[in-house]
Amino acid sequence: MPNIKPISDLRNYTEVLRDVAVGAPVFLTKNGRGRYAIVDMQDYERTQATLRLMNELAKGRKSGEEKGWLTLEAVEEHLGIADE
C-alpha cells in the first residue's frame, strides 16, 4: 500500500524521511492531491538507468527501421564469432 502523507508533515521531515526506503517511496499531497514523491537514491538511480536504456533501445529500433536490420549471421561475422 502506498505511503501517502500531507505535505504539512514535512514540518517534521525526519519522520517522513524515516519512512522512505528502497522500493517504498513516500508520496506527498498538497491540497488533497498527489504532488511530490520522495524516493530512495537507489530507486532514483535505477529509474534513470532504465530511462537511458529505453532511450538507447528506441534509437536502435529507429535506426533499424530507417537503415534496415542486420541478420544474426551478419552480426556474428562483424564481431568475428565463428561457428563451432
Side-chain angles (χ1 to χ4, degrees):
M1 176 178 261
N3 192 351
I4 303 170
K5 299 178 180 285
I7 199 165
S8 61
D9 280 10
L10 283 179
R11 289 184 189 117
N12 190 4
Y13 65 90
T14 55
E15 290 293 322
V16 173
L17 295 179
R18 191 171 298 148
D19 291 341
V20 177
V22 175
V26 172
F27 300 99
L28 300 175
T29 61
K30 185 174 181 181
N31 298 323
R33 297 183 184 270
R35 182 74 175 151
Y36 305 101
I38 302 174
V39 297
D40 182 86
M41 187 60 81
Q42 186 177 345
D43 284 338
Y44 175 79
E45 289 171 351
R46 185 180 306 128
T47 300
Q48 293 302 307
T50 300
L51 288 172
R52 285 191 299 274
L53 175 61
M54 296 303 289
N55 186 39
E56 290 301 314
L57 289 171
K59 283 188 214 175
R61 181 178 183 143
K62 182 178 180 185
S63 174
E65 290 170 351
E66 291 175 355
K67 298 176 183 177
W69 299 96
L70 296 176
T71 65
L72 177 59
E73 292 78 19
V75 172
E76 288 175 343
E77 183 179 317
H78 179 74
L79 294 175
I81 300 172
D83 288 339
E84 295 181 15

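In this chain, residues are counted from 1 in sequence order.
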Can you give me the closest heavy-atom contact between P25 and V39, atom names plus distance?
CB-CG1, 3.7 Å
Can you tell me if E15 has over 12 outside heavy atoms packed within less than 6.0 Å of its CD?
yes
Between side-chain atoms of residues 6-14 and protein atoms elsewhere (two or more places apart, or another chain), which donor-acceptor pairs fall under 3.5 Å?
| unit_1 | atom_1 | unit_2 | atom_2 | d |
| --- | --- | --- | --- | --- |
| N12 | OD1 | T14 | OG1 | 3.2 |

For residues 61-72, please give each side-chain donor-acceptor pair under 3.5 Å, one per line with the distance, not counting sequence neighbours.
| unit_1 | atom_1 | unit_2 | atom_2 | d |
| --- | --- | --- | --- | --- |
| R61 | NE | E65 | OE2 | 3.0 |
| T71 | OG1 | A74 | N | 3.1 |

Output every pair passing side-chain hydrogen bond (donor to acceptor under 3.5 Å, both in side chains) with a member in residues 34-44, not counting sequence neighbours, ordered by first then second residue.
D43-R46
Crowded around N31 CG? As in, over 12 foreign heavy atoms under 6.0 Å?
no
Look at the side-chain heavy atoms of Ile, Leu, Val, Met, Phe, Trp and Tyr, link any pair under 4.5 Å apart, and say whether V26 and L17 land in one connected group.
yes
Residue pair M54 / T50, side-chain heavy-atom distance below 4.5 Å:
yes
